[in-house]
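This report concerns only the one structure given below.
Start at 1 and go down the list; that is how both ligands and their atoms are numbered.
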Amino acid sequence: MNCIFCKIINGEIPCYKLYEDDTILAFLDINPDSNGHTLLIPKKHYTDIMDIDNETLMHIFDVAREIKTKLENKLHCDGITFIQNNGDVQEVKHYHLHIKPYYNKNSHLQPVEDVFEKLAKN
Ligand code: 5GP
Ligand code: ZN
């Protein structure tokens, strides 16, 4: 299957990894809408919200809470939006949850590697 997110999971394509366990992976979006824009994906290839099982979905949202806190603490964003696209608005047909920080003041987009460094710092 020619799925870009399966390739990221297999290590064929690199990513800025924020979290990983046996079933899910979180990494920075390569073309972010805002600084810290993160994607959370299951390691098993599910297409969309109708395909994924409830247990994996709940786990994704548990970890999404932790990532939300990390983005708030490290990037000092003012809000967080969760988005999950399906059908024609979904570009990559491997289930993914977008976690998008929002900033009150206009914050210009920084290189993804710079944002990753901030998130990686203790
Ligand atoms: P969708 O429209 O499917 O919900 O969004 C797909 C997202 O995946 C987009 O925000 C896009 O920037 C991101 N994306 C696509 N290809 C890659 C990639 O190779 N690496 C990373 N980190 N993100 C990607
Ligand atoms: Zn896939």
Worksheet item: Atom CG in Leu71, atom CD1 in Ile80: separation rounded to 0.5 Å?
Response: 4.5 Å
Worksheet item: Do Glu117 and Lys121 meet the salt-bridge criterion of a basic N to acidic O distance under 4.0 Å?
Response: no
Worksheet item: Is the backbone N or O of Thr81 less than 3.5 Å from a side-chain atom of His98, with the two atoms forming a donor-acceptor pair by type?
Response: no
Worksheet item: So which heavy atom in the protein is nearest atom 2 (O) of ligand 1, and how far is it from that ligand atom?
Response: Glu91 N, 3.2 Å
Practice prompt. Tell me yes or no: between the side chains of His59 and Asp21, is some donor less than 3.5 Å from an acceptor?
Written response: yes
Worksheet entry | Proximity of Phe27 to ligand 1 by residue part, where a heavy atom lies under 4.0 Å | side chain
Item to complete: Select the closest option to atom 5 (O) of ligand 1 among His37, Gln90, His96, judged by heavy-atom distance.
Response: His96
Discussion item. I'd like to know if Tyr19 and Ile41 are part of one continuous hydrophobic network [Ile/Leu/Val/Met/Phe/Trp/Tyr, side-chain heavy atoms within less than 4.5 Å].
Written reply: no
Worksheet, complete the sentence: Among non-hydrogen protein atoms, atom 23 (N) of ligand 1 lies closest to Ile30 N, 3.3 Å
Worksheet entry | Flag side-chain contact, heavy atom, 4.5 Å: Ile60 against Thr23 | no
Worksheet, complete the sentence: atom 11 (C) of ligand 1: closest protein heavy atom, distance to 0.1 Å, is Asp29 OD1, 3.4 Å
Discussion item. As an exercise, identify every atom of ligand 1 less than 4.0 angstrom from a heavy atom of Asn85.
Written reply: 1 (P), 2 (O), 4 (O)
Item to complete: Rounded to the nearest 0.5 Å, what's the gap from NZ on Lys43 to CG on Asn10? Could you check?
Response: 10.0 Å
Fill in: Short side-chain to backbone donor-acceptor contact, Asp78 and Asn104, under 3.5 Å
yes
Worksheet item: Looking only at heavy atoms of Ile83, does any of them come nearer than 4.0 Å to an atom of ligand 1?
Response: no
Worksheet item: If Ile, Leu, Val, Met, Phe, Trp and Tyr residues are connected whenever their side-chain heavy atoms lie under 4.5 Å apart, and connections chain through other members, are Phe27 and Ile83 in the same group?
Response: no
Worksheet item: Measuring from the heavy atoms of Leu28, does anything fall under 4.0 Å of ligand 1?
Response: yes
Response to the item:
Atoms of ligand 1 under 4.0 Å from any heavy atom of Val89, numbered from 1 in the order shown, are 2 (O)
Response to the item:
In this structure, atom 15 (C) of ligand 1 is nearest to the protein heavy atom Val92 CG2, 4.2 Å
Discussion item. If I apply the N/O under 3.5 Å rule, does Cys15 come out as touching ligand 1?
Written reply: no
Worksheet item: Does the Asp48 side chain pair with the main chain of Asn86, one donor and one acceptor, at a distance under 3.5 Å?
Response: no
Worksheet item: Which protein N, O or S atoms does the Zn ion (ligand 2) have within a distance shorter than 2.8 Å?
Response: Cys3 SG, Cys6 SG, His45 ND1, His94 ND1
Worksheet item: When hydrophobic residues are tied together by side-chain contacts of less than 4.5 Å, even through go-betweens, does Leu40 share a cluster with Leu25?
Response: no
Item to complete: Answer with yes or no whether Phe5 contacts ligand 1, where contact means a heavy atom under 4.0 Å from a ligand atom.
Response: yes
Item to complete: Check whether any heavy atom of Asp33 sits under 4.0 Å from an atom of ligand 1.
Response: no
Worksheet item: To the nearest 0.5 Å, what is the distance between CD1 (Ile99) and CZ (Phe61)?
Response: 8.5 Å
Practice prompt. Go through ligand 1 atom by atom and flag the ones less than 4.0 Å from a non-hydrogen atom of Ile4.
Written response: 19 (O)
Discussion item. Within the structure, is a non-hydrogen atom of His98 found at a distance of less than 4.0 Å from ligand 1?
Written reply: yes
Item to complete: Compute the centroid of each ring, for His94 and then for His96, and state whether the two points are separated by less than 6.0 Å.
Response: no
